[in-house]
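I have placed the structure first, in the form of structure tokens, so that the comments after it can refer back to it.
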Amino acid sequence: MATSTRDSDETESQRGYWRWSKQDFLPEESFQSWNNYVSALSQTWLRFKDRLFSRSDDATETEELKKQSEHDMKRCLNWWDMIWFGFGAVIGAGIFVLTGQEAHDHAGSAIVLSYVASGFSAMLSVFCYTEFAVEVPSAGGSFAYLRVELGDFVAFITAGNILLESVIGSAAVARSWTSYFTNLLNRPRNSLRIKTNLKEGYSLLDPIASGVLVIASVITMISTRKTSFLNWIASAINTAVIIFVIVAGFVHADTSNLSPFLPYGAKGVFQAAAIIYFAYGGFDSIATMAEETKKPSRDIPIGLIGSMSMITVIYCLMALSLSMMQKYTEIDTGAAFSIAFQSVGMKWAKYVVAFGALKGMTTVLLVARLSQARYITHIARCHMIPPWFALVHPKTGTPINATLLITIASAIIAFFTGLDVLSGLISVSTLFVFMMISAALLVRRYYMRGVTPRENLVKLVIFLVLIIASSIGISAFWGLKPNGWLGYTVTIPVWFLATLGMSLFLTQQRVPRVWGVPLVPWLPSLSIATNVFLMGSLEYDAFIRFGVCTVVMLIYYFLFGLHATYDMAHQQQKLQSKVHHTETIKNEGP
């Protein structure tokens, strides 16, 4: 038996990384022939019921599934790397581009309040992510956490949104990179883009954005450690520019520009907050690097909470400085800070800002290439996409195949699609994923298979449904009647009582080993409410695009993902049964 296993391992290690056989893409039994596939489709409903509530566990996500990659990623990062990755992942297009866009169109001078609201919601999500990342240190990030707590189907929907967020987010940053590069060269706004007769929002082709994505991807494929070093340098330069922007902005501040402070009302503040939430979205990148950190239980909490606390303060100060330099009606929606400095007589400063913004967006792309490829890798380990994308290169220790997939997709979208189309859609996906993570944390704390009584499970489900439903109600009343109050007299008490009920009538089944979210269930419940509220503040078109993408995901799931994961799960069960049977025979002896 040992000899057979050793031979199998040697054969596996001799296989080259660049291979293209059907077994590398479709190894599952359902796809070995057309008849098999038709038979699998005929059992779709039975398989769906089997996988709907099928849940993974911590050991499977952190140990067993890693074998699908054949080689481990290199543990070469520490807490210092994590903090700078936090800065590099987050500070980019959001603060330098969306600030001007949302101040001009929705929030006015109160854009600083939008950053406070988004930052508060983001910090709640950061707490939830940190506990999961310490307890389940997997490259799969939120996808792995949801597989453990909410099952395969919910994890797949989230995985689809993660992929959507990854592709569109990178495309949005790359488009912004071109805008600031154009400004740095002192050229007209869209002069480096190719104008066509395509539909508005898709008519300006951007080859530079696609090129920048490819270059960033090549760097991350070579080495994670070298990427971290480049991120240090670029983030340090970007930090120096940020300090300059804040100090110079307050030096040239004119408080009269803050009046009127709420030109679009409170609704405009929250509508802007929902869009600029995209600026905070990169923090989940840190969680995906758990397999490459030397000590995840120490490095990830410091990296996540430390970097996001500082970033929230920085964002608010930058937004305030912009609002005081220039009246919201005059803020440029493409390169806000550069044009604002030009308006106060510091024409040369626009080049400093543009250079810093380019550096910031470059680090966003570098860190995004790292984290997104790791998401793809873990999703492929579960066979929700072909397992070829799960392979880790033996020399570089990086998932090259997964990086290629995400790069090609985002480069094509960046080539065609404008930033205004991208930003609304990415915010819906981001908020949805963060809301699901908060719900999953409550499940993790209050439910444990084989331990929690069924009566308590029913109570947990009821309380969770009430929390989510009341959060949706609060958001709906705000969107329909922002100046009304009657609806809140029902929805807010329901949310409060459901959270209180969870606190009083349920006992926590799990205590975090190292680091845990404080004030459970209140903080996770509040995170659900704020994320849902911000989702409801988005425009109608964003949800249409989100709905269309979700339908496409479901079609893919029922035609491919469901059957691939079903076959993989049952194959593992057979192997475990065979190993158990072999061990039983050995123990019994002749």
Side-chain angles (χ1 to χ4, degrees), residues 49 52-58 120-132 135-136 142-158 161 431-479 486-513 515-536:
K49 289 194 295 183
L52 180 59
F53 299 110
S54 176
R55 300 165 67 206
S56 181
D57 54 58
D58 295 3
F120 176 73
S121 181
M123 284 305 298
L124 294 175
S125 297
V126 165
F127 283 135
C128 298
Y129 260 90
T130 302
E131 179 172 330
F132 269 120
E135 296 283 302
V136 190
S142 51
F143 170 69
Y145 313 151
L146 292 176
R147 256 175 60 88
V148 170
E149 301 304 332
L150 299 181
D152 259 16
F153 180 69
V154 173
F156 173 80
I157 296 299
T158 306
N161 279 281
L431 291 165
F432 174 76
V433 172
F434 291 170
M435 183 270 289
M436 294 302 298
I437 287 295
S438 300
L441 185 87
L442 291 174
V443 174
R444 183 174 182 83
R445 286 292 192 94
Y446 288 100
Y447 175 70
M448 184 179 291
R449 276 173 291 185
V451 176
T452 305
R454 181 174 178 81
E455 178 185 353
N456 285 3
L457 175 59
V458 172
K459 290 179 183 178
L460 174 61
V461 171
I462 292 172
F463 288 139
L464 261 180
V465 169
L466 288 174
I467 288 171
I468 295 173
S470 60
S471 299
I472 293 173
I474 293 170
S475 181
F477 280 118
W478 175 262
L486 187 60
Y488 304 125
T489 62
V490 176
T491 55
I492 293 178
V494 169
W495 174 85
F496 178 81
L497 291 173
T499 308
L500 182 65
M502 188 177 290
S503 177
L504 296 177
F505 298 112
L506 292 176
T507 303
Q508 292 192 34
Q509 302 291 305
R510 196 190 308 259
V511 177
R513 294 188 295 269
W515 194 96
V517 177
L519 300 176
V520 174
W522 294 100
L523 288 188
S525 179
L526 189 58
S527 178
I528 291 172
T530 54
N531 282 308
V532 171
F533 182 81
L534 290 175
M535 284 178 69

**Report entry** R449, CZ: over 12 other non-hydrogen atoms inside 6.0 angstrom
**Finding:** yes
Does the side chain of [X] reach to within under 4.5 Å of the side chain of [Y], using non-hydrogen atoms?
{"X": "T499", "Y": "M502", "value": "no"}
{"X": "L150", "Y": "R55", "value": "no"}
{"X": "V443", "Y": "L464", "value": "yes"}
{"X": "L526", "Y": "F120", "value": "yes"}
{"X": "L441", "Y": "I437", "value": "no"}
{"X": "W522", "Y": "L500", "value": "yes"}
{"X": "V136", "Y": "R147", "value": "no"}

Query - Between W495 and S525, a side-chain donor and acceptor under 3.5 Å - result: yes
To check you understand the geometry: which heavy-atom pair defines the closest contact between [X] and [Y], and what is its length?
{"X": "V532", "Y": "M435", "answer": "CG2-CG, 3.7 Å"}
{"X": "G516", "Y": "P512", "answer": "CA-CG, 3.6 Å"}
{"X": "P524", "Y": "S438", "answer": "O-CB, 3.6 Å"}

[X] side, atom [atom1]; [Y] side, atom [atom2] - distance, nearest 0.5 Å:
{"X": "F127", "Y": "W515", "atom1": "CZ", "atom2": "CH2", "value": "5.5 Å"}
{"X": "S56", "Y": "D152", "atom1": "OG", "atom2": "CG", "value": "8.0 Å"}
{"X": "N531", "Y": "L124", "atom1": "CG", "atom2": "CG", "value": "8.0 Å"}
{"X": "Y447", "Y": "L506", "atom1": "OH", "atom2": "CG", "value": "13.0 Å"}
{"X": "L457", "Y": "I462", "atom1": "CG", "atom2": "CD1", "value": "10.0 Å"}
{"X": "Y446", "Y": "T452", "atom1": "OH", "atom2": "OG1", "value": "11.5 Å"}

Query raised in the report: Ignoring hydrogens and geometry, is there a side-chain-to-backbone donor-acceptor pair from T130 to V126 under 3.5 Å?
Result: yes
Query raised in the report: If only atom types and distance count, is the side chain of R445 paired as donor or acceptor with the main-chain N or O of V517 below 3.5 Å?
Result: yes
Query raised in the report: Going through the distances and angles, do Q509 and L460 end up as a side chain to side chain contact (heavy atoms under 4.5 Å, CB included)?
Result: CA-CA 12 Å; Q509 302 291 305; L460 174 61; over 6 Å; no
Requested in this report: Run the salt-bridge test on E135 and R510 with the 4.0 Å N-O cut-off and return the result as yes or no.
Outcome: no
Query raised in the report: Where do I474 and Y488 land on the side chain to side chain contact (heavy atoms under 4.5 Å, CB included) test, with the steps shown first?
Result: CA-CA 6 Å; I474 293 170; Y488 304 125; 4.2 Å; yes
